[in-house]
Amino acid sequence: MTDAAELTRLTRELLAAHPPASTDRLDFLRARFDAGLAWVHYPEGLGGLGAPRTLQAVVDAELEAAGAPDNDPRRIGIGLGMAAPTILGFGTEEQKRQFLRPLWVGEEVWCQLFSEPGAGSDLAALGTRAVRSGDNWIVNGQKVWTSSAHLARWAILIARTDPDVPKHKGITYFVCDMTDPGVDVRPLRQVTGEAEFNEVFLTDVRIPDAHRLGEVGDGWRVAQTTLNNERVAIGGMRLPREGGMIGPVAKTWRERPELRTPDLHQRLLKLWVEAEVARLTGERTRQQLVAGQPGPEGAGLKLSFARLNQEISGLEVELLGEEGLLYEDWTMRRPELVDFVGRDAGYRYLRSKGNSIEGGTSEVLLNIVAERVLGLPSEPRTDKDVAWKDLAR
Amino acid sequence: MSTTSTEPDLLYSEEEEALRAAVRDLLTDHCDPADVITRMETDAPHDLSLWKSLAEGMGLAGLLVPEEQGGQGASHREVAVVLEELGRAVAPVPYLTSAVVATEALLAGTGAAAGELLAALASGRTVGALAVALNVAPGAAYKVVAHEGGLLHGELTGIADATAADVLLVPADDGGLYAVNTDADAVTITPQVSLDLTRPVATVTFDGASARLLGDAEPAVRRALRAGAGLLASEQLGLAEWSLTETVRYLKDRKQFNRPVGGFQAVKHRLAQLWLEVVGLRAAARSAADALATDSADTDVAVAVAQSYAAPVAVRAAEEALQLHGGIGMTWEHPTHLCLKRAKADSIAYGTSGGHRAALAELVDLRAP
């Protein structure tokens with residue numbers, strides 16, 4: 001059993017063998033992965049040591065104090081948060097060895113080819129086709145809202161491999177090579193002015209069967225792992241008091257008394273309390289996980305943060321008064337990372353509108369809470385036992 | 001602004017869960033909603049036999065009192081669990097007022113009289129009430145009576161559970177806190193017609209009542225009201241949770257348009273939203289209870305956060321329960337109105353949500369214009 005003392009010893013050993021000041025950044029990260037200190041709860045040989053997940057904090061603190069480089073987790077969030085747990089859960093040994101190390105180091109960026117123009121909240125309705133051809137699958141279709149597609153080396157992809165069965169059953173999960181000549185990535189400019197996401201056209205893309213994750217036709221079940229991890233990644237950050245979007249607005253309130261009005265004061269205090277309660281709820285969820293008694297509370301975290309981010313950033317624009325009339329920069333750019341809390345208030349206001357859409361809309365998540373947590377009946381369905389090809393479109 | 005270096009313990013221990021189960025069992029057997037509704041219409045709305053079981057039978061009145069002073073030597077965390085269960089049942093017992101608020105007032109004192117009374121309250125055989133109106137917030141002004149020649153004169157209103165109390169703890173104009181027996185001739189307690197019949201308020205008149213000095217009123221009242229406010233959040237949590245659970249249960253069965261009403265998305269989203277708020281309230285209430293129990297430097301903030309958040313959630317939970325039960329929710333025999341009346345009264349008790357937010361503005365340096 002690897003304990004905190006052992007991890008501290010191993011981390012110091014890594015630092016001694018690869019002094020951060022004189023080691024190339026990627027070389028240091030590769031050595032850290034090989035030492036099992038990347039994500040300590042992963043298996044040995046795959047970046048981990050099979051240690052309790054909570055002990056990662058011990059390693060991180062030690063490395064931070066030593067000024068070691070990190071793998072820029074915000075830039076590679078999709079790979080870390082969604083692709084990696086799915087590969088770990090469903091990949092072959094060969095796939096795990098091929099993909100996890102460059103993914104974690106950050107030398108290979110991942111994106112997620114899930115949503116389509118006709119399959120958003122109803123993701124299982126997707127129409128991108130994958131047809132078997134010898135040892136390969138030939139993929140044709142269109143994906144959308146794909147963050148980081150312009151930077152990605154690999155994508156996790158779900159495609160329809162059997163249109164003759166009901167929609168949830170005919171889906172298969174693949175790893176797609178974004179450098180394949182059939183992959184065409186086109187920027188989609190969004191409300192912030194930037195093109196953080198893309199549409200991706202797939203024309204006769206050849207995916208080797210060795211890059212399939214899980215069984216043929218079992219893609220929907222594999223995708224649940226990705227989606228559950230996505231929601232945890234979006235809503236589950238550990239924050240100090242005032243650690244989220246409430247921080248900048250509270251700071252402005254303290255530093256600029258001339259902007260204060262009674263109405264804004266009432267709204268700010270109400271949101272401050274709600275942000276603190278959301279933070280405590282996240283902390284309680286974390287304590288439950290550590291104690292080995294996971295509760296359903298995590299299901300709601302993303303919902304709360306989406307609403308709070310939108311209300312708080314909206315308030316901040318108003319608080320700024322004349323400055324709230326301005327916007328930092330409308331230049332069309334294709335940024336390297338998704339930035340929820342950086343930049344100015346106008347950007348935060350516009351970007352946070354996506355928080356209740358991405359990773360499952362709030363409406364869909366409320367249904368999930370109602371059905372899975374409260375046990376309420378599901379909506380009547382007309383698509384359940386109908387072959388995908390026979391569904392009205 | 002204040003931050004804590006360590007996070008509060010927001011979970012329930014095994015002992016706390018065992019305590020919860022014991023209290024819930026007792027309430028299931030001896031606090032039936034129909035009986036509570038019947039009792040409310042009599043001259044004796046308090047259930048003193050239930051109080052006896054809780055206080056003397058289970059020793060719950062003395063949870064906050066150290067063992068050497070005749071109590072159980074437990075903490076606010078255990079008291080919070082008891083209050084969650086009492087809130088679920090809207091139990092008509094003077095637990096919050098006697099075992100929490102009056103007890104905390106006495107814990108602030110040092111004299112022999114205070115110690116003696118503390119032990120009496122801890123045993124549950126004596127019921128106490130702080131003679132400060134129920135709506136007064138921890139930092140707010142409160143009314144005092146005149147102390148002349150060793151006797152008290154004056155009238156106080158809005159005193160919760162005074163009709164069940166044996167002893168009143170009364171702040172006087174000389175700065176002292178006095179104990180007055182309610183059966184004395186010079187004391188008159190007149191029940192007021194209360195919104196919450198399960199925690200009724202009364203007018204108390206002193207016409208030259210003899211009183212024993214317990215100590216300084218100011219620190220005792222502040223301490224008592226702060227603990228009351230912080231732990232009230234747990235009662236509100238219990239109320240809100242009961243309202244949500246009962247409504248979900250009912251709507252899984254109740255059919256309209258040939259479908260369970262709980263299957264309609266408009267209804268599901270409302271209940272899911274309410275669940276989110278109850279989950280938040282649990283975290284906030286646990287935070288306040290843990291801060292009080294550990295005497296954290298963050299206690300004032302934790303209490304203000306919990307009380308800012310708790311009242312609107314509890315009231316909304318009860319209001320949603322009434323609406324979503326349809327016509328049945330509007331009837332006298334359905335227990336939802338017990339919850340609604342308690343939740344609304346609780347939203348005023350020990351300071352309003354807005355009052356606690358104003359206090360918070362000072363505590364975390366987000367000052368008014």
Side-chain angles (χ1 to χ4, degrees), chain A residues 238 240-243 246 249-251 253-254 257-266 268-270 272-274 276-288 290-291 293 295-301 303-304 307 362-363 365-371 373-380, chain B residues 1-4 7-12 244-245 247-249 251-252 259-265 267-287 298 301-302 304-310 312-313 353-354 356-358 360-361 364-369:
Chain A
R238 191 177 186 190
R241 183 175 286 162
E242 290 193 5
I246 197 73
V249 65
K251 185 166 180 281
W253 185 270
R254 291 185 187 114
E258 75 280 6
L259 297 175
R260 298 174 190 169
T261 71
D263 165 59
L264 289 169
H265 192 232
Q266 290 304 314
L268 173 65
L269 286 172
K270 193 165 172 292
W272 193 96
V273 167
E274 288 173 4
E276 173 66 3
V277 171
R279 188 186 76 81
L280 288 167
T281 305
E283 177 61 22
R284 184 159 197 277
T285 306
R286 198 194 61 80
Q287 290 181 8
Q288 284 177 303
V290 171
Q293 23 173 289
E297 283 82 351
L301 290 175
L303 278 162
S304 301
R307 184 183 62 78
S362 291
E363 288 71 20
L365 294 183
L366 285 170
N367 277 350
I368 290 175
V369 167
E371 290 170 20
V373 179
L374 298 178
L376 290 166
S378 54
E379 292 282 301
Chain B
M1 70 151 283
S2 58
T3 47
T4 41
E7 295 295 344
D9 175 3
L10 301 172
L11 305 181
Y12 300 101
L244 174 63
T245 308
T247 307
V248 166
R249 191 183 61 74
L251 292 181
K252 282 183 194 171
R259 283 169 61 188
V261 175
F264 288 91
Q265 197 170 72
V267 174
K268 282 159 76 173
H269 283 195
R270 283 168 70 162
L271 292 167
Q273 187 60 43
L274 193 56
W275 176 81
L276 285 179
E277 292 170 26
V278 172
V279 164
L281 174 50
R282 184 181 305 283
R286 279 274 94 187
S287 158
D298 200 42
V301 173
V305 165
Q307 268 312 308
S308 299
Y309 192 78
V313 174
S353 199
H356 284 282
R357 283 198 294 272
L360 201 54
V364 302
D365 186 25
L366 292 171
R367 282 163 218 279

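Note on naming: letters A, B, ... go to the chains in the order of the sequence lines (proteins, then strands), and numbering restarts at 1 for each one.
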Original post:
Just how far is it from atom CZ of R286(A) to atom CG of L10(B), taken to the nearest 0.5 Å?
Top reply: 9.5 Å

Original post:
Checking P257(A) against chain B: side chain, backbone, both or neither under 4.5 Å from a heavy atom?
Top reply: neither

**OP:** Identify the residue among L365(A), T281(A), L303(A) that makes a side chain to side chain contact (heavy atoms under 4.5 Å, CB included) with L276(B).
**Re:** L303(A)

**OP:** Could you look at E277(B) and say if it's the side chain, the backbone, both or neither that has a heavy atom under 4.5 Å from chain A?
**Re:** neither

Original post:
chain A: which of L281(B), V305(B), T245(B) shares the most heavy-atom pairs with it under 4.5 Å?
Top reply: V305(B)

**OP:** Please report the closest heavy-atom contact between P369(B) and T261(A), naming both atoms and the distance.
**Re:** CG-C, 3.3 Å

Subject >> H269(B) NE2 to S362(A) OG distance, which is reported to the nearest 0.5 Å >> reply: 9.5 Å

Original post:
Of all heavy-atom pairs between R241(A) and D298(B), which one has the smallest distance, and what is that distance?
Top reply: NH2-OD2, 2.7 Å

**OP:** To the nearest 0.5 angstrom, please state how far the CG atom of L376(A) sits from the CH2 atom of W275(B).
**Re:** 12.5 Å

Subject >> Atom group of A278(A) that falls short of 4.5 Å from chain B, counting heavy atoms >> reply: neither

Subject >> R259(B) and E379(A), any side-chain heavy atoms less than 4.5 Å apart >> reply: yes

Original post:
Where on E363(A) is there a heavy atom nearer than 4.5 Å to chain B: the side chain, the backbone, both, or neither?
Top reply: both

Original post:
Checking heavy atoms, do the side chain of L268(A), its backbone, both or neither come under 4.5 Å from chain B?
Top reply: side chain

Subject >> Shortest non-hydrogen contact between W272(A) and L366(B), atoms and distance >> reply: CD1-CD1, 3.4 Å

Original post:
Hey, is R286(B) close enough to E283(A) for a salt bridge, meaning N to O under 4.0 Å?
Top reply: no

Original post:
Rounded to the nearest 0.5 Å, what separation is found between the CD atom of Q265(B) and the OG atom of S378(A)?
Top reply: 11.5 Å

Original post:
Roughly how far, to the nearest 0.5 Å, is the CG atom of L11(B) from the CD atom of Q287(A)?
Top reply: 5.0 Å

Original post:
Among Q266(A), E371(A), E274(A), who wins on heavy-atom pairs under 4.5 Å with chain B?
Top reply: E371(A)

**OP:** Measure the shortest side-chain to side-chain distance between V364(B) and E276(A) over non-hydrogen atoms and say whether it is less than 4.5 angstrom.
**Re:** no

Original post:
Around K252(B), counting heavy atoms of other residues, nucleotides and ligands shown, do more than 12 lie under 6.0 Å from its NZ?
Top reply: yes

Original post:
Is there side-chain contact between L366(A) and K268(B), with at least one heavy-atom pair below 4.5 Å?
Top reply: no

**OP:** Evaluate the side-chain contact (heavy atoms from CB on, under 4.5 Å) criterion for residues R260(A) and R367(B): first the C-alpha distance (whole Å), next the side-chain angles of each, then the deciding distance (0.1 Å), finally the verdict.
**Re:** CA-CA 9 Å; R260(A) 298 174 190 169; R367(B) 282 163 218 279; 4.0 Å; yes

